Amino acid sequence: MENWLVIGSGGREYSIAQCLAKKDNHHVYVAPGNPMMERMDNVHCVQINEMNFNDLTVFAQSHRVVCTIVGPEQPLSNGIVDVFKKSGIKIFGPDQYTAQLESSKVFAKDMMQKASIPTADYQEFYDTNSALAYVDSHNLPLVIKANGLAGGKGVIIVNTKSQATNAINHLFSLPNQQSIIIEEYLDGEEFSFIVMANGEKFIPMPLAQDHKRLMNNDEGPNTGGMGAYSPLPQFGKEVTQNAINKVIKPLLSTMVNEGHPFVGFLYAGLIMTKQGIKVIEFNVRMGDPETQVILPQLKSDLGDLIVNLLDGKKIHVKWDASKYYLGTVLAAKGYPKKPSDHLELPKFPDGTNIIYSGVQDDNGLIYSHGGRVLMVTTKSNNILNAQHQINELILKSVNQNNYLYRSDIGLKAIK
């Protein structure tokens with residue numbers, strides 16, 4: 001058996017572990033994981049916190065882990081890859097310097113400028129007064145962002161001065177936020193493009209589209225993501241190739257020149273504007289919920305791809321191009337501000353594909369714990385059919401008083 005270690009506990013890590021465990025000779029440890037992961041074949045949770053780098057390295061060494069995959073951004077931005085590499089342990093993710101592509105919006109902008117990658121104009125601010133003065137002198141809407149990590153909730157689009165004031169005060173109140181940036185608003189359709197990279201070698205993954213807003217028709221506050229679908233029928237192969245040429249290759253080349261080649265999952269949050277593709281943001285890990293609809297398309301073995309990429313070997317990758325994959329998130333009532341806790345989980349029919357994230361074990365019974373609790377996924381020849389399948393399942397199986405969800409996942413492709 002080959003032992004693998006996945007760091008994290010959410011839906012993204014559930015999907016990564018599930019994908020790795022499809023190969024019979026893989027045994028997958030997840031640290032710390034969640035209770036529903038224990039119910040998967042060849043998967044076992046290890047009660048080590050994702051920020052306890054010392055215990056994680058000891059575990060990886062003592063269990064002869066072939067490779068470690070890091071799911072969330074926090075361990076990466078705190079240097080888990082550097083710690084593992086010092087111990088001579090194979091790990092798939094960027095070092096702490098390169099992880100600033102996500103942990104520092106200003107660092108990411110500087111790298112984009114060096115690489116001549118198209119993105120929105122911006123300015124950085126260290127206090128509320130100068131930020132408000134900037135808002136007064138510019139046309140709305142504007143985009144206001146936390147410079148550091150904010151759990152997927154650090155981006156606020158403002159259409160009025162009062163909204164801008166509230167956003168600026170809110171972002172400066174977040175822990176460890178010493179600065180914010182204010183960007184021009186880019187008009188267009190957003191989408192996600194993720195590649196697996198090692199230096200300038202990379203494996204493109206199918207395009208996906210996240211639904212950040214809480215409610216249908218992209219209304220309500222930003223969330224960590226209420227659903228996703230992949231691939232995107234509205235964008236042909238030329239869009240992917242354009243993103244590779246204008247964004248992925250220049251950035252990977254720039255990071256090599258910086259002396260810190262990018263290793264891991266590079267997530268480009270892109271927008272198709274009238275002027276062409278522009279970058280909204282970079283993440284240094286797979287997206288959640290995009291992972292849950294991208295990885296099921298992979299026909300090749302994920303573990304083999306990662307090891308071969310790290311070892312510089314020839315890579316052959318196959319994707320399922322015959323179906324569309326779509327997933328809808330169930331979030332606890334009150335999300336994203338004050339989600340209810342300890343809710344009874346919905347009971348879905350046998351055969352329903354559920355990705356679990358915010359769950360807890362209470363004396364052998366599983367309850368909700370956190371905002372985004374689970375994701376219902378399906379595949380179909382038609383995105384509208386996939387959407388209908390999931391909506392029907394949710395209507396029949398879910399207590400609407402306990403959970404929030406969007407019924408319009410995939411709306412841009414359907415339109």
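It should be emphasised that the depicted structure is a prediction, and the values quoted were computed from it without experimental measurement. Each residue takes its place number in the sequence, starting with 1.
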Item to check | Of all pairs that satisfy ring-ring contact (aromatic ring centres under 6.0 Å, His included), the ones with a partner from residues 350-374, not counting sequence neighbours | outcome: H342-Y367
Checklist entry - Going through the checks in order, is the salt bridge (Lys or Arg N to Asp or Glu O under 4.0 Å) test met by R213 and E219? => result CA-CA 6 Å; R213 298 284 188 167; E219 294 179 358; over 6 Å; no
Checklist outcome for this item: Nearest heavy-atom contact between L302 and C19 is CB-SG, 3.9 Å
Item to check | Derivation and outcome, side chain to side chain contact (heavy atoms under 4.5 Å, CB included), residues L298 and K318 | outcome: CA-CA 6 Å; L298 184 61; K318 287 185 179 180; over 6 Å; no
Next on the checklist: Would R406 and D218 count as a salt bridge (Lys or Arg N to Asp or Glu O under 4.0 Å) here? Give the steps.
Outcome noted: CA-CA 9 Å; R406 283 183 61 162; D218 291 331; 3.1 Å; yes
Next on the checklist: Using side chain to side chain contact (heavy atoms under 4.5 Å, CB included), reason through Q209 and Y229 one step at a time and then give a plain yes or no.
Outcome noted: CA-CA 6 Å; Q209 192 168 69; Y229 67 101; 2.5 Å; yes
Checklist entry - Are there more than 12 heavy atoms of other residues, nucleotides or ligands under 6.0 Å from atom CG of D311? => result yes
Checklist entry - Do Y324 and S230 have a side chain donor and acceptor closer than 3.5 Å? => result no
Item to check | Charged N-O contact under 4.0 Å between D288 and R372 | outcome: yes
Item to check | CD1-OG1 distance between I390 and T328, expressed to the nearest 0.5 angstrom | outcome: 4.5 Å
Checklist entry - Going by heavy atoms in the side chains, are I294 and I194 under 4.5 Å from each other? => result yes
Item to check | Nearest-0.5 Å distance, NZ of residue K23 to CG of residue D304 | outcome: 3.5 Å
Next on the checklist: Using a 6.0 Å cut-off, check whether atom CD of Q178 has over 12 heavy atoms from anything other than its own residue.
Outcome noted: no
Checklist entry - Does a side-chain N-to-carboxylate-O contact under 4.0 Å join E190 and K212? => result no
Checklist entry - Does the salt bridge (Lys or Arg N to Asp or Glu O under 4.0 Å) test come out yes or no for K109 and E183, once each step is laid out? => result CA-CA 11 Å; K109 289 286 190 182; E183 288 185 351; 2.9 Å; yes
Checklist entry - Just wondering, do P94 and L76 contact through their side chains at under 4.5 Å, heavy atoms? => result yes
Checklist entry - D320 and Y325: side-chain hydrogen bond (donor to acceptor under 3.5 Å, both in side chains), yes or no, with the steps? => result CA-CA 10 Å; D320 176 12; Y325 291 74; 2.7 Å; yes
Checklist entry - Heavy-atom count around K145 NZ within 6.0 Å, excluding the residue itself: above 12? => result yes
Item to check | Any side-chain heavy-atom pair of K278 and Q275 under 4.5 Å | outcome: yes
Item to check | Full working for ring pair (Phe, Tyr, Trp, His ring centres under 6.0 Å) between F172 and F125 | outcome: CA-CA 10 Å; F172 271 121; F125 299 93; 8.7 Å; no
Item to check | CZ on F92 to CG on L5, rounded to 0.5 Å | outcome: 15.0 Å
Checklist entry - F265 versus I69: any side-chain heavy-atom pair under 4.5 Å? => result yes
Checklist entry - Any side-chain heavy-atom pair from P75 and N78 closer than 4.5 angstrom? => result no
Next on the checklist: Could you tell me if E238 and N242 have a donor-acceptor pair between their side chains, going purely by distance under 3.5 Å?
Outcome noted: no
Next on the checklist: Does any part of the side chain of F84, heavy atoms only, come nearer than 4.5 Å to the side chain of V70, both counted from C-beta?
Outcome noted: no
Checklist entry - Under 3.5 Å, is there a donor-acceptor pair between the Q74 and E50 side chains? => result no
Checklist entry - Which is it for N52 and N49 under the side-chain hydrogen bond (donor to acceptor under 3.5 Å, both in side chains) test, yes or no, and what are the steps along the way? => result CA-CA 5 Å; N52 188 341; N49 188 281; over 6 Å; no
Checklist entry - Under 6.0 Å between the ring centres of F282 and Y267? => result no
Next on the checklist: Using a 6.0 Å cut-off, check whether atom CD of Q123 has over 12 heavy atoms from anything other than its own residue.
Outcome noted: yes
Next on the checklist: Suppose the criterion is ring-ring contact (aromatic ring centres under 6.0 Å, His included): which pairs have a residue in residues 1-36, not counting sequence neighbours?
Outcome noted: W4-H26, H27-Y29, Y29-F59, Y29-H63
Checklist entry - Between the side chains of S407 and N391, does any donor sit under 3.5 Å from an acceptor? => result no
Next on the checklist: Distance check, rounded to the nearest 0.5 Å: L142 atom CG versus Y185 atom OH?
Outcome noted: 11.0 Å
Checklist entry - What distance do T378 atom OG1 and N353 atom CG have between them, rounded to the nearest 0.5 Å? => result 8.0 Å
Item to check | T98 side chain reached by V284 side chain, heavy atoms, under 4.5 Å | outcome: no
Checklist entry - If you measure from the Lys or Arg side-chain nitrogens to the Asp or Glu carboxylate oxygens, is any gap between E102 and K105 under 4.0 Å? => result no
Next on the checklist: As an exercise, state the distance from CD of E2 to CG of D301, rounded to the nearest 0.5 Å.
Outcome noted: 8.0 Å
